[in-house]
Amino acid sequence: MRQIVAMFALGSAFGLIAPAAAQEASPGRYSMQKSETGFARLDTETGEVSLCREKNGELVCRMAADERAAFERELDLLSDRIEALERAVESGETAAKPPLPDEEEIDRAMSIMERMMRRFMGIVKEFEGDGSDSTDEGESVPQKT
């Protein structure tokens, strides 16, 4: 009886394992479909389609017409940009640099920084005075301006 149960269990286990082993491996990156003139190759990662034909025993693939047109437009755009950059270099043009500030702008910026530093140092002195117990009643604490 035990042998029958063991055989049944072994048979059931093999029956469950066999279909899993029979499944095909996952497809690769490219998927090929037969067409009237050759093959259509689909790149499953990027979605690009190429048209392939057999020539002299080799499979030769080209981009599909719509992808080729997009590729040509991008190529033309990049070529135009390169030509514009080359013309700018030949004519001596450089990237526009912002003008340096004049004396009035420098003085104004320094005045603002000076006021900010004076206020900051006043705050620091206030905190130093609050932390020590040696302050006299007659000492004056710097006031904010």
Side-chain angles (χ1 to χ4, degrees), residues 6-145:
M7 293 288 273
F8 179 72
L10 183 62
S12 297
F14 183 77
L16 294 174
I17 294 172
Q23 292 178 353
E24 288 186 29
S26 62
R29 177 174 176 174
Y30 297 99
S31 172
M32 303 284 279
Q33 293 292 321
K34 181 85 173 138
S35 69
E36 295 172 4
T37 59
F39 295 94
R41 179 179 73 176
L42 170 67
D43 186 337
T44 58
E45 289 183 15
T46 64
E48 292 179 358
V49 176
S50 300
L51 303 176
C52 303
R53 292 185 184 173
E54 187 176 345
K55 289 185 181 179
N56 302 326
E58 294 182 7
L59 195 59
V60 179
C61 299
R62 296 181 316 152
M63 284 187 246
D66 58 340
E67 291 177 4
R68 183 72 184 178
F71 175 76
E72 292 291 333
R73 281 192 303 271
E74 183 69 18
L75 188 60
D76 289 341
L77 176 67
L78 292 173
S79 294
D80 292 344
R81 290 181 63 194
I82 289 171
E83 288 172 9
L85 289 171
E86 287 174 346
R87 282 192 304 270
V89 167
E90 287 175 3
S91 68
E93 294 177 26
T94 59
K97 294 180 182 177
L100 293 174
D102 58 9
E103 287 295 320
E104 184 179 319
E105 291 173 322
I106 293 173
D107 289 342
R108 183 170 184 269
M110 292 302 291
S111 174
I112 292 170
M113 290 298 294
E114 182 180 2
R115 283 193 317 230
M116 185 188 77
M117 288 302 294
R118 288 187 187 278
R119 286 183 184 169
F120 177 76
M121 294 307 291
I123 293 170
V124 169
K125 287 181 182 175
E126 281 182 31
F127 282 121
E128 286 176 351
D130 290 343
S132 66
D133 292 334
S134 63
T135 54
D136 294 337
E137 290 181 21
E139 270 186 27
S140 65
V141 176
Q143 304 231 350
K144 294 180 187 177
T145 54

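What you are looking at is a predicted structure, and each value in this text was computed from that prediction instead of being measured.
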Between S31 and T44 the two heavy atoms that sit nearest each other are CB-CG2, 4.3 Å

Applying side-chain contact (heavy atoms from CB on, under 4.5 Å) to S35 and not counting sequence neighbours gives T37

One should read off an interatomic distance between C52 SG and K34 NZ, to the nearest 0.5 angstrom, of 11.0 Å

So the salt bridge (charged side-chain N to carboxylate O under 4.0 Å, His left out) pairs with at least one residue in residues 36-45 (sequence neighbours excluded) are R29-D43, R29-E45

In short, salt bridge (charged side-chain N to carboxylate O under 4.0 Å, His left out) pairs touching residues 101-117 with sequence neighbours left out are E114-R118

V60 meets the side-chain contact (heavy atoms from CB on, under 4.5 Å) criterion, sequence neighbours left out, with K55

Sorted by chain and residue number, the side chain to side chain donor-acceptor pair (under 3.5 Å) partners of S91 (sequence neighbours excluded) come out as E93

Residue pairs meeting side-chain hydrogen bond (donor to acceptor under 3.5 Å, both in side chains), one or both in residues 74-83, sequence neighbours left out, come to none

Worksheet item: So do F39 and Q33 actually touch side chain to side chain, heavy atoms under 4.5 Å?
Response: no

